[in-house]
Participant: 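One structure, as structure tokens, below. Some questions next.
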Amino acid sequence: MVATTSGTGRAAPGSGAVVVVGSISVDLTVTASPLPRPGETVVGTRFSTVLGGKGANQAVAAARAGASTTMVGAVGRDTFATLALDGLRHDHVDVAWVEAVDGATGVAHIRVDTHTGENDIVIVPEANAAVTPTHVEQALTAAAPTAPVVLLQLETTTEVALATARACADLGLRLVLDPAPASPLPEEIWRGVWLACPNETEAEVLTGTRVTDVRSAERAARWFLERGVRQVVVTRGGRGTVVVGPSGTTDIPAFGVSPVDTTAAGDAFAGALGAAVAAGLAWPVALRRAAAAGALATTKHGASPSIPTAAEVDTYLTGR
Ligand code: ADP
């Protein structure tokens with residue numbers, strides 16, 4: 001489908017459709033300073049419960065970027081399930097393919113030191129570990145006629161990742177893999193991946209090449225291309241993005257922003273990129289919108305609350 005675009009490459013809402021296969025969690029965040037040492041108890045200053053998980057964050061990002069978005073995953077049968085599903089619905093994400101399974105919804109327990117900004121996180125997958133390859137195959141088969149782009153991360157099981165890659169290859173869908181958190185994967189997965197968007201650390205873990213500059217990012221990207229991936233986008237935070245594909249290597253500088261919290265920048269980037277590709281935007285326009293979404297996400301606190309809408313990206317890009 002061809003999108004309606006303005007000078008900033010604005011995608012008309014609903015002009016593309018994406019499916020996100022991945023994790024759904026609730027982020028439980030406490031702030032204190034200093035954080036307690038083992039065995040110690042301290043009184044904190046703030047507590048919040050918000051929708052999180054890389055899958056859900058990317059679904060929110062794609063939906064806010066204007067894509068008609070379907071989430072495929074699982075929640076438990078607990079009060080956090082309601083919070084998570086309400087959060088997705090609030091952003092008009094279709095949750096018909098989110099299964100309710102026995103047990104708890106995934107959680108991330110986050111502690112932030114208000115003084116230093118340092119944090120530590122314990123993720124408990126819970127329902128995210130119960131997503132099955134069969135469920136994903138059924139969802140993708142149902143969505144394939146209308147949704148050309150699938151987003152995947154690695155907070156569900158390797159079996160789910162492999163099933164997603166196989167289904168995308170069979171159904172002719174474009175799979176965008178954000179390989180986070182990075183872990184070794186079966187070689188077969190890469191043949192089903194259309195675009196991989198690792199950050200520098202993930203690129204190093206997967207390829208063995210330490211990414212410190214454009215040349216090393218390009219070397220790492222070649223590892224993915226040799227395995228059948230069509231496009232590689234190595235995200236480098238405030239140092240920008242290195243894009244390697246059939247038309248060569250492009251180094252795209254980051255937008256100049258004043259970051260306050262870089263959480264979910266990569267999710268904002270991947271979701272916006274998937275939405276732009278699904279909307280049929282030209283590749284440089286899609287990358288520009290994704291970079292703007294990633295940059296804007298660093299200017300607000302939190303994960304999903306920091307992810308910008310298409311209108312916010314438009315406003316930011318207008319006149320730049
Ligand atoms: P991740 O969150 O997965 O580590 P990155 O930090 O690389 O991902 O961020 C993804 C993209 O978001 C970057 O390629 C860049 O376009 C944008 N971005 C991230 N951090 C900044 C920043 N400090 N300034 C400007 N843009 C940023």
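In listed order, ligands and their atoms are each counted from 1. All heavy atoms count here, side chains included; hydrogens, waters and symmetry mates do not.
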Participant: Which value, rounded to the nearest 0.5 Å, describes the distance between Arg289 atom CZ and Leu281 atom CG?
Facilitator: 7.0 Å
Participant: Of all the atoms in ligand 1, which lie at a distance below 4.0 Å from a heavy atom belonging to Phe255?
Facilitator: 24 (N), 25 (C)
Participant: Counting each atom of ligand 1 from 1 as listed, which ones have a heavy atom of Gly238 under 4.0 Å away?
Facilitator: 20 (N), 21 (C), 22 (C), 23 (N), 24 (N)
Participant: When you compare the side chain of Ile24 with that of Leu51, does any pair of heavy atoms fall below 4.5 Å?
Facilitator: yes
Participant: Can you name the atoms of ligand 1, numbered from 1 with element, that are less than 4.0 Å from a heavy atom of Ala295?
Facilitator: 17 (C), 25 (C), 26 (N), 27 (C)
Participant: In terms of residue, atom name and distance, what is the protein heavy atom nearest to atom 11 (C) of ligand 1?
Facilitator: Phe269 CD1, 3.7 Å
Participant: Is the shortest side-chain N to carboxylate O distance from Arg222 to Glu226 below 4.0 Å?
Facilitator: no
Participant: For ligand 1, which atoms, with element, lie under 4.0 Å from some heavy atom of Thr241?
Facilitator: 14 (O), 16 (O)
Participant: Ala254 heavy atoms, cut-off 4.0 Å: which ligand 1 atoms fall inside?
Facilitator: 25 (C), 26 (N)
Participant: Do me a favour and list the nearest non-hydrogen protein atom to atom 4 (O) of ligand 1 with residue, atom name and distance?
Facilitator: Asn199 ND2, 2.9 Å
Participant: Closest by any non-hydrogen atom to atom 8 (O) of ligand 1: pick that one out of Ala292, Gly266, Pro253.
Facilitator: Gly266
Participant: First locate atom CG of Leu185, then atom CG of Leu162, and finally report the distance between them rounded to the nearest 0.5 Å.
Facilitator: 9.0 Å
Participant: Find all atoms of ligand 1 within a distance of less than 4.0 Å from any non-hydrogen atom belonging to Pro259, and give their numbers and elements.
Facilitator: 23 (N)
Participant: Considering non-hydrogen atoms of the protein only, which is the closest contact for atom 9 (O) of ligand 1, and what is the distance?
Facilitator: Ala265 CB, 3.8 Å
Participant: Should the pair Asp261-Lys300 be classified as a salt bridge under the 4.0 Å nitrogen-to-oxygen rule?
Facilitator: no
Participant: List the closest protein heavy-atom neighbour of atom 24 (N) of ligand 1: residue, atom name, distance to the nearest 0.1 Å.
Facilitator: Val257 CG2, 3.5 Å
Participant: To which of Ala268, Gly237, Cys197, Ala180 does the heavy atom nearest atom 27 (C) of ligand 1 belong?
Facilitator: Gly237
Participant: Do we get Arg227 above Trp223's six-membered ring, with its NZ or CZ under 6.0 Å from the centre and within 45° of the axis?
Facilitator: yes
Participant: Less than 3.5 Å apart, any donor N or O on the side chain of Asn128 or Thr156 sitting next to an acceptor on the other?
Facilitator: no
Participant: With heavy atoms under 4.0 Å as the rule, classify the contact between Ala291 and ligand 1 as side chain, backbone, both or neither.
Facilitator: both
Participant: May I ask you to check if ligand 1 and Thr298 share an N or O to N or O distance below 3.5 Å?
Facilitator: no
Participant: Give, for atom CG of Asp267 and atom NZ of Lys54, the distance between the pair rounded to the nearest 0.5 Å.
Facilitator: 3.5 Å
Participant: Would the distance check show the side chain of Asp78 and the main-chain N or O of Thr105 forming a donor-acceptor pair, the cut-off being under 3.5 Å?
Facilitator: yes
Participant: Given that the side chain starts at C-beta and the backbone is N, CA, C, O, which of these parts of Arg236 lies under 4.0 Å from ligand 1, counting heavy atoms, or is it both or neither?
Facilitator: backbone
Participant: Ring-plane angle category for Phe224 and Trp190, please: parallel below 30°, perpendicular beyond 60°, tilted otherwise.
Facilitator: perpendicular
Participant: Any N or O of Thr262 that comes nearer than 3.5 Å to an N or O of ligand 1?
Facilitator: no
Participant: Under a 4.0 Å threshold between the charged nitrogen and the carboxylate oxygen, would Glu188 count as salt-bridged to Arg166?
Facilitator: yes
Participant: Which is closest to atom 12 (O) of ligand 1 in terms of heavy atoms, Pro198, Ala264, Gly294?
Facilitator: Gly294
